[in-house]
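Contents: one structure, followed by commentary.
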Amino acid sequence: MPKAGEYPVDALSPKLRAATLAIMDKVQVPAAIAAQSILSAAALGVQAFVDVRLPTGEVIPSSIFAITVAASGDRKSSSDKLALHAIREREARMHDDWQIAQTAYLADKAAYGAAHKKATSTAGNRNRRDIREDLERLGPEPIAPPLPMLVSDEGTLQGLQKLFADAMPSLGLFSDEGGQWLGGFAMAEEQRGQTGAALSKLWDGSPIKRVRGTDGVTILRGRRLSLHLMIQHRIAKRLLSDPDLKDQGLLSRILVCQPETMKGQRMWRDPDVNSDLDLEKFDAKLYGLLSGEMPMDPQTRALTPKIIDLSPDAKEMFRQWHDAVEVELRPGGMFDDITGFAAKLPEHSVRIAAVMAYFEDRQTVQISATALSAGIKLAKFYAMEALRLIGIGTADEDSENAAALIAWIRDKGHRIVGKKWLSNNVIPKSIRPAPPLSRAIEILIEHGHLVPIKGGAHMRLGEKEQFFKDAYTVIEDAAE
């Protein structure tokens, strides 16, 4: 695999760039790890307040989905901890306020219940009209205060949907151990397509619709989700090569990167004193956004973000960028292998630009050409990462399986092997199922390690011989 390109830190807006450099300095992580953490945190702060109108007239959220691929020991947790500090602080304050509000709500709910019982009583020859008038005077049932949560790092799709009903309408799905979420029930084979489709709709800003026999029909409008999962390489291979997620469109909505490790280069040094100051400024800005009153309907909690447009110069830049990307989607073009992701590059650029512009200045009413140019530069980096990473997982895993298979066969000293026998005996057991075993055998045939025996062959197993229809001659390793 080609090495990762340098993350364009200079394209980040001033506050995001300073915070990214501060994390790089304090934790000694690659720029991409720090930037992904900072950009995702900023998106959580912005997404409740701003939508963007594209030159087509379509209005899109400013939410961002990101995945960072890094190994254990690459200090991704330390990076995320610093980037999300203000979010955790805000959640702690929200919890204190929630306890007070919850006490008042429970008292109000009890009083409402007593009043409702009295209003619906038929004692004293009260008729339907009397009851209706009393209920109208009583008003609607008290609404529980939203749960004091801004981010979740685990749970099922159904759990996330319920959280949107009970908590704030703007949430983040953030985890420095994203493999736990991806490996859980939500992304199990039978749930993966449904989860991918639901996450894609949230990225698009579509309503959450649930139909359940027990709960009935639930429709939640005006919800926003930003996502940042940090995962290890093996999980990334499976995720980024998953045909269902690729066809369904979730992978097209994710900004993915896999920076080179810095292990072995992180010698002790004292961080720059200005790094703490830069992170404090970032925290203060993010905390201020999260503390602001979200524009939403008080009954349904549906967000009503303000809509900002591209400036005239930015619109022209967007059109040129759109056409440049479109040309490369052709067969044989630069983006031929990632057409789904690349087709959304112009939109990714606008989302990134919107997050940076609004984070810097809450009075922003337009996205300037300067901001969009920075968004495009960052989007180009993610396009190059997508070319490196999306779709390669299957090929890499198949190659690893093929190498493990031939090594095991030769270690056992076999000169002839049968496919059915391998499916029952080969170690590791993960190669035994028909799909990975067939692909591994095809690779070994292609590279001259196995030769098919026409008509099958007998294979001696201890004192007995057994016939295998699909049999192969094992070629000696030339290196030996």
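Atom set for the values below is all heavy atoms of this structure, side chains included, hydrogens, waters and symmetry mates excluded.
- Counting heavy-atom neighbours within 6.0 Å of Gln102 CD, excluding the residue itself, gives a total above 12.
- One N or O on the side chain of Ser438 and one on the backbone of Ala434 form a donor-acceptor pair closer than 3.5 Å.
- For the atom pair CG (Asp25) and OG (Ser275), the distance works out to 3.5 Å, reported to the nearest 0.5 Å.
- In the model, Gln363 has no side-chain atom that pairs as donor or acceptor with a side-chain atom of Tyr358 under 3.5 Å.
- Taking a 6.0 Å sphere around NZ of Lys412, one finds it holds 12 or fewer heavy atoms contributed by other residues, nucleotides or ligands.
- Interatomic distance, CH2 of Trp321 versus OG of Ser373, reported as 10.5 Å (0.5 Å rounding).
- Of all heavy-atom pairs spanning Leu286 and Gly45, the tightest one is CD1-CA, 3.9 Å.
- With hydrogens and angles ignored, the 3.5 Å screen pairs no side-chain donor or acceptor of Ser62 with any backbone N or O of Ala354.
- Between Val325 and Ala342, the closest heavy-atom pair is CG1-O, 3.2 Å.
- With respect to the salt-bridge test (charged N to carboxylate O, under 4.0 angstrom), the residues Lys26 and Asp272 do not qualify.
- Under the 4.5 Å side-chain criterion, counting only non-hydrogen atoms from C-beta, Val59 is not in contact with Val52.
- Under a 3.5 Å cut-off, the side chain of Ser13 and the backbone N or O of Glu360 do not form any donor-acceptor pair.
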Test log, rule side-chain hydrogen bond (donor to acceptor under 3.5 Å, both in side chains), inputs Gln36 and Thr68 | CA-CA 7 Å; Gln36 290 275 83; Thr68 303; 3.3 Å; yes
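- For the atom pair Tyr382 OH and Leu387 CG, the distance stands at 15.0 Å (nearest 0.5 Å).
- Residues Ile100 and Asp96 fail the side-chain proximity criterion, which asks for heavy atoms closer than 4.5 Å.
- For Arg93 and Glu89, the salt-bridge test fails: no basic side-chain N is under 4.0 Å from an acidic carboxylate O.
- Residues Asp153 and Ser175 have side chains that never bring a donor and an acceptor to within less than 3.5 angstrom of each other.
- Considering only heavy atoms from C-beta on, Leu44 stays 4.5 Å or farther from Leu225 through its side chain.
- Residue Asp10 holds its CG atom at 11.5 Å from OG1 of Thr20, rounded to the nearest 0.5 Å.
- Listed here is the closest heavy atom pair of Gly196 and Leu250: CA-CD2, 3.9 Å.
- Counting heavy atoms of neighbouring residues, nucleotides and ligands inside a 6.0 Å radius, atom NZ of Lys263 exceeds 12 of them.
- In terms of modelled atom types and a separation under 3.5 Å, the side chain of Arg432 and the main chain of Asn425 share a donor-acceptor contact.
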Please lay out, stage by stage, how Asn401 and Arg439 fare under the test side chain to side chain contact (heavy atoms under 4.5 Å, CB included).
-> CA-CA 9 Å; Asn401 286 341; Arg439 291 195 295 266; 5.8 Å; no
Give the intermediate values and the outcome of side chain to side chain contact (heavy atoms under 4.5 Å, CB included) for residues Tyr7 and Cys257.
-> CA-CA 9 Å; Tyr7 192 95; Cys257 67; 5.5 Å; no
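- Considering only heavy atoms from C-beta on, Pro146 stays 4.5 Å or farther from Asp166 through its side chain.
- Taking each heavy atom of Ala4 and Glu260 in turn, the nearest pair found is N-OE2, 2.9 Å.
- Shortest non-hydrogen contact noted between Leu12 and Ala35 is CD1-CB, 4.2 Å.
- Looking at Met267 and Gln28, their side chains never come closer than 4.5 Å, going by heavy atoms from C-beta outward.
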Could you go through the side chain to side chain contact (heavy atoms under 4.5 Å, CB included) check for Asn274 and Leu277 one step at a time?
-> CA-CA 5 Å; Asn274 291 318; Leu277 296 175; 3.8 Å; yes
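- With hydrogens and angles disregarded, a donor-acceptor distance shorter than 3.5 Å links the side chain of Asp74 to the backbone of Ala71.
- Arg53 contributes no side-chain N or O that, together with a main-chain N or O of Ile308, makes up a donor-acceptor pair within less than 3.5 Å.
- Looking only at atom types and distance, the side chain of Arg253 has no donor-acceptor partner in the side chain of His348 under 3.5 Å away.
- With hydrogens and angles ignored, the 3.5 Å screen pairs no side-chain donor or acceptor of Thr364 with any backbone N or O of Gln366.
- Although no hydrogens or angles enter the test, the distance criterion places no donor-acceptor pair under 3.5 Å between the side chain of Glu328 and the main chain of Phe335.
- More than 12 non-hydrogen atoms from other residues, nucleotides or ligands lie less than 6.0 angstrom from CD of Gln265.
- Contact detail for Ser37 and Ser79: the closest heavy-atom pair is OG-OG, 3.3 Å.
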May I have the step-by-step check of side chain to side chain contact (heavy atoms under 4.5 Å, CB included) for Arg88 and Glu91, ending in yes or no?
-> CA-CA 5 Å; Arg88 301 302 185 189; Glu91 282 188 324; 3.4 Å; yes
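- To the nearest 0.5 Å, atom CG of residue Leu163 and atom CZ of residue Arg223 are 10.5 Å apart.
- The CD atom of Gln232 sits 5.5 Å away from the OG atom of Ser72 when rounded to the nearest 0.5 Å.
- In this structure, the side chains of Leu39 and His228 stay at 4.5 Å or more apart for every pair of heavy atoms.
- Aromatic ring centroids of Phe359 and Phe49 lie 6.0 Å or more apart.
- A side-chain contact (heavy atoms from CB on, under 4.5 Å) with Asp176 is found for exactly one of Ile231, Asp80, Leu229, namely Asp80.
- A salt bridge is absent between Arg221 and Asp297: the closest approach of a Lys/Arg side-chain nitrogen to an acidic carboxylate oxygen does not fall below 4.0 angstrom.
- A salt bridge links Glu385 with Arg388: the distance from a Lys NZ or Arg NE/NH1/NH2 to an Asp or Glu carboxylate oxygen falls below 4.0 Å.
- At a threshold of 4.5 Å between non-hydrogen side-chain atoms, the residues Leu290 and Leu150 count as touching.
- In this structure, Leu227 and Ser40 have side chains that are not in contact, with every pair of non-hydrogen atoms separated by 4.5 Å or more.
- With hydrogens and angles ignored, the 3.5 Å screen pairs no side-chain donor or acceptor of Arg224 with any backbone N or O of Leu171.
- For the residue pair Ser63/Gln47, the side-chain donor-acceptor check at 3.5 Å is satisfied.
- Looking at Ser349, its side chain does come within 3.5 Å of a backbone N or O of Leu345 through a donor-acceptor pair.
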